[in-house]
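Written out below as structure tokens is the structure these notes cover.
The chain is numbered in sequence order, starting from 1. This is a predicted model, so every value here is computed, not measured.
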Amino acid sequence: MASNPNAMYRNINPNAHYRNGANTNANANDAASSSSGQFFQLPPTSPPGSYNNNNQNYNTNPNINAAATGPPPRTASMRTSHAECKNPVLLLPASPDSNSNSCANTPPAATFREFNLPRPTVQEYLIYIFWVSKAAKTRVCTSPACVSLRTAISATHQPKCPSWPQFGEWASQLAACCCSYIDSLALPRDAIHARKFARGEECGAGEAVVVVDGFTRIYRELVKPLEMETRYGEFSNQRLFQAQGNSAGDVSVWERDEDFPDVIEVLEVISWLGGVVNFPTTLAGGGGSGTGGKFEAVPPWKLVNHVSTAATNPHKNEVLVRAAYRIMSASGRLHGAGGGAGEDAIGLCPQRVWAVVKSLPGGEYNLAPLLDGVDVPGMIPRQLGHEGCTFDFCEALSVNSTTVKQMHKCGVPEALLDTECLPTDALMFSRDLLNLAQKNGLTTAWRLDGLGLVPKRQPFMAISHVWADGTGGGAWPAGQVNSCLYSFWAAWARELECGGLWWDAICIPSERLARAQAINEMHNNYADAKCTLVHDSYLCSTVWDDSNRGAAALAIIVSPWFTRGWTALELAKSGRVKVLFKSKDGSGIGGYIAKDLDEDILAYPGEATSRYHQLATSAIMRLRAPVETTNDLLISLQLRFTSWTRDRSIIAGLMVDLPGVYETSKTSQQNVYRDIALRLGSVHADNLLHGLPTMGGEFSWLPTSMLDMPIAQDGAGGSICKVLSEPRGALLGKWRARALEIPVAVGGEETPYYRPLSTHPYLLTRVTFAQSSMLERRKYILLFGAWGRALLVKVMKRVGEQRAETGRVYVEYIGCVLADETSLEKKVEVCICDVSDRSKWEEVMDARAWVNQII
């Protein structure tokens with residue numbers, strides 16, 4: 001079939017994919033595997049990237065110019081033909097019998113029937129969205145509150161969808177009615193937030209949770225195909241129409257292929273809608289359709305990945321190219337013409353923005369919607385001194401923040417500081433008193449007069465700050481600080497009704513053993529404080545605007561404070577958090593205003609707000625969520641920095657409440673990471689696809705720095721592996737695997753179909769040796785993960801074992817490689833363990849035959 005790079009959607013009959021229940025190549029291979037009972041099969045004869053069914057060939061790998069100056073343009077008929085579509089309207093008319101002052105869509109009248117559509121093609125998914133939206137039975141609402149909200153949403157917050165305006169209108173109406181209902185409950189914002197809305201009785205919502213769950217259910221139906229992995233059954237307009245409970249007499253949605261709307265626009269609207277109506281609700285007894293405590297919608301780019309990876313999808317590359325162009329356009333705005341944060345750029349540090357983007361679900365695909373919030377001039381300040389920063393390097397990170405002079409808050413000219421602004425009295429902040437309190441397990445927060453420590457149960461304020469701003473220890477002798485700076489902290493403590501404060505510059509003992517104990521328990525001071533006060537010079541230069549709370553959230557995630565390792569720990573452990581911003585009229589202590597992170601800054605479910613506000617909230621909330629897996633730890637700490645490398649392992653240990661992580665004997669960083677792995681007990685399979693030098697021995701799979709492992713994106717499809725305590729450090733999980741095939745002969749030379757991921761000579765040698773001979777290759781298998789990567793492992797058995805009897809395969813970790821995913825079969829349970837003792841373990845000479853015994 002001829003390839004036209006300028007067409008978003010080529011001629012394709014969506015009903016042709018499953019005619020008379022026929023299988024795709026992928027399903028046919030699965031069927032062949034099941035019938036033979038063999039795990040490892042030879043690669044299919046059809047070349048990768050092709051699909052053949054009923055003598056129809058669709059090339060899924062067209063030669064599209066990805067480096068073009070613009071996305072594949074849509075033809076005139078694509079832009080204008082929607083008026084000709086049959087039944088394009090999704091909203092039902094307002095009911096003539098309804099009360100104009102009451103909401104027409106509360107509670108939602110949606111009725112859905114079970115229908116499975118995993119990994120759909122582009123057209124299939126758009127048709128599915130059409131009928132789910134119709135089945136929601138959303139009406140035009142004439143309630144004044146809903147009308148006002150819908151007007152505001154359409155004008156300022158909702159992503160535009162010009163290729164399908166009817167869908168945009170439907171989404172704005174649904175969001176307006178949901179927000180209006182939440183507003184009518186008059187609940188405190190912290191009660192609505194993710195932490196407390198899980199059970200209605202906690203926030204006084206009562207049966208309101210059930211109503212809200214109805215709105216959430218509609219969104220969950222829109223993204224339901226993403227929760228399924230196996231594609232089966234016959235799909236057509238007719239079947240889906242009937243499945244949603246509609247008449248079978250009218251099944252045409254879009255008559256022509258060029259009539260279909262732009263899937264990228266549709267997905268961005270869906271993602272925004274999820275941020276409004278996708279509540280973290282769980283009904284009594286654990287039911288409900290919410291997200292179980294996580295406030296984040298499925299990103300549109302996760303939808304793109306699922307839609308574009310369908311085996312039968314003829315538009316895969318076109319969708320990805322259009323998505324990639326949007327990312328590149330946003331990157332150009334971020335980096336400017338010179339590649340750095342120059343004058344023609346938006347004025348933010350590229351490294352900081354990319355760090356946030358990489359930590360969000362969907363990764364780089366969040367860049368464009370996040371930067372949409374910076375289009376308004378002056379909304380957040382430009383970051384000076386970052387003109388030379390790139391996407392992976394920030395100039396400010398090379399500064400040793402522990403040597404920065406302490407700042408002043410007195411306003412005295414710099415020439416007079418030495419004579420007019422003196423340090424605090426030497427009688428304050430006694431080192432002896434501090435050392436004694438730490439050894440006796442007492443609090444180390446000082447009373448505001450600095451002459452004694454606060455008694456237990458007296459409220460105190462903890463300070464979270466950036467040492468590079470000059471709020472650290474400075475050059476004064478231990479126990480002394482700038483008097484004006486301490487007065488500034490004390491004034492804010494009184495403002496927040498706290499009788500004491502904890503500030504690391506004066507609250508960490510100097511005696512060796514007491515200091516070690518204090519650092520091991522430092523995070524507890526933030527957990528025990530009445531509130532944590534955040535001070536960051538960039539945030540203090542950001543003017544607070546009540547009408548745009550999203551700007552404050554965006555400023556936080558690109559601030560220096562959000563990039564540091566110790567402040568990440570402090571935020572994760574804090575309860576109530578107050579952030580200092582510049583006040584509009586100069587009022588407040590020092591000209592600043594303190595805003596509550598949960599109540600004043602973050603977006604909350606049921607709020608009509610922008611997508612960048614939702615994303616900034618998600619980035620902050622992910623950092624405050626409990627660390628339960630290795631991937632959670634990577635999200636929290638991987639892209640944050642410290643002045644000393646060893647601090648990263650200490651912070652990681654404290655993040656998971658590992659006891660005794662900081663010792664005077666300078667505990668080995670690798671020992672800390674081993675203990676963390678055992679304490680967490682699980683690792684996402686995609687975290688292992690790193691290509692880094694590992695520790696060897698019991699933890700042969702673990703890099704020497706755990707925080708350098710790649711972050712597994714939500715929905716990547718990898719399994720969760722269990723870290724075993726016996727045998728210690730072994731890793732048990734299920735993997736998609738195949739035996740090491742014979743390399744293909746090209747030009748008279750054998751060319752392996754996998755390549756080493758690492759450039760380290762030792763790892764290259766290990767991988768190369770596995771390819772050295774046919775006899776050697778028979779001992780290895782590949783374990784496949786995401787991103788076209790796989791683990792190369794050698795199959796082992798216990799000495800004297802003649803047949804696999806445990807139901808699992810024991811392997812030796814070799815390294816990570818890049819490999820094509822062809823001829824994948826069923827999953828097999830694999831245990832990566834220490835097999836260095838050759839008196840107990842020996843190599844399996846035929847890995848394929850050995851594994852086939854197990855399955």
Side-chain angles (χ1 to χ4, degrees), residues 351 355 358 390-393 397 630-631 633-634 637-639 641-642 644-646 648-649 652 668-674 676-677 683-712 716 718 721 723 729-731 733 735 737 740-741 743 749-773 776-777 779-796 811-821 830 832-836 838 843 847:
Q351 188 278 330
K358 289 169 65 176
T390 65
F391 66 91
D392 65 345
F393 176 76
L397 297 177
T630 303
N631 205 54
L633 187 64
L634 296 175
L637 295 180
Q638 183 182 83
L639 300 171
F641 300 90
T642 59
W644 310 105
T645 302
R646 182 168 175 261
R648 287 166 59 82
S649 63
S668 163
Q669 296 180 55
Q670 294 190 35
N671 285 338
V672 172
Y673 289 133
R674 291 188 187 102
I676 291 174
V683 178
H684 196 289
D686 292 344
N687 296 151
L688 303 174
L689 306 174
H690 47 70
L692 301 169
T694 59
M695 297 180 184
E698 296 174 328
F699 292 82
S700 60
W701 49 271
L702 186 62
T704 52
S705 175
M706 173 185 282
L707 298 182
D708 291 335
M709 300 168 76
I711 296 174
C721 300
V723 182
L731 200 64
W735 292 80
L740 215 57
E741 307 290 349
E749 297 182 1
E750 287 190 343
T751 302
Y753 60 88
Y754 66 92
R755 304 175 304 283
L757 181 63
S758 175
T759 58
H760 193 284
Y762 173 70
L763 298 178
L764 284 173
T765 301
R766 286 171 63 86
V767 173
T768 302
F769 182 75
Q771 305 170 352
S772 59
S773 68
E776 190 65 27
R777 285 194 291 268
K779 303 175 185 178
Y780 298 83
I781 61 175
L782 291 174
L783 309 178
F784 284 87
W787 315 301
R789 300 181 184 182
L791 296 185
L792 177 64
V793 295
K794 178 185 287 188
V795 179
M796 305 293 291
V811 300
E812 175 186 7
Y813 177 87
I814 302 299
C816 188
V817 298
L818 299 170
D820 296 329
E821 298 184 42
V830 177
I832 304 174
C833 56
D834 181 10
V835 294
S836 57
R838 288 304 197 244
E843 300 172 350

Does the Asp686 side chain pair with the main chain of Ala786, one donor and one acceptor, at a distance under 3.5 Å? yes

In Å and rounded to the nearest 0.5 Å, what is the CG to OG1 distance from Leu763 to Thr768? 10.5 Å

State the CE-CG distance between Met706 and Leu637, to the nearest 0.5 angstrom. 11.0 Å

How long is the straight-line distance from CG of Asn631 back to CG of Asn687, given to the nearest 0.5 Å? 4.5 Å

Donor-acceptor check, side chain of Glu776 to backbone of Ala770, threshold 3.5 angstrom: yes or no? no

To check you understand the geometry: which heavy-atom pair defines the closest contact between Gln669 and Ser649, and what is its length? CG-OG, 3.6 Å

Just how far is it from atom CG of Leu818 to atom CZ of Arg789, taken to the nearest 0.5 Å? 6.5 Å

Look only at the side chain of Ser836 and the backbone of Gly697, and say whether a donor-acceptor pair between them is shorter than 3.5 Å. no

Scanning both residues in full, the closest heavy-atom pair of Arg674 with Met695 reads NE-SD, 3.6 Å

Do Arg766 side-chain atoms and Tyr813 backbone N/O form a donor-acceptor pair below 3.5 Å? yes

So Leu782 and Leu791, side-chain contact (heavy atoms from CB on, under 4.5 Å) or not? Walk me through it. CA-CA 6 Å; Leu782 291 174; Leu791 296 185; over 6 Å; no

By side chain to side chain contact (heavy atoms under 4.5 Å, CB included), which residues pair with Asp708, not counting sequence neighbours? Arg648, Leu692, Ser705

Glu698: which residues meet the side chain to side chain contact (heavy atoms under 4.5 Å, CB included) condition with it, sequence neighbours left out? Arg728, Asp834

Can you see which heavy atom on Pro693 is nearest to which on His760, and at what distance? CG-CD2, 4.0 Å

Closest approach of Ser700 and Ile832, non-hydrogen atoms and distance? OG-CG2, 4.0 Å

Quick one: list whatever passes side chain to side chain contact (heavy atoms under 4.5 Å, CB included) with Leu639, sequence neighbours left out. Ala355, Lys358

In this structure, NZ of Lys794 is separated from CD1 of Ile814 (nearest 0.5 Å) by 5.5 Å

Any idea which heavy atoms bring Leu689 and Gly785 closest together, and the distance? CD1-CA, 3.7 Å

Using the rule given for side-chain contact (heavy atoms from CB on, under 4.5 Å), can you reason through Met709 versus Tyr673, listing the C-alpha separation, both sets of side-chain angles and the distance that settles it, and then say yes or no? CA-CA 12 Å; Met709 300 168 76; Tyr673 289 133; over 6 Å; no

Parallel, tilted or perpendicular, judged at 30° and 60°: which one describes the rings of Phe699 and Trp701? tilted

How long is the gap from OG1 on Thr630 to CG on Leu688, to the nearest 0.5 Å? 8.5 Å

Heavy-atom closest pair, residues Cys833 and Ala730: CB-CB, 3.8 Å

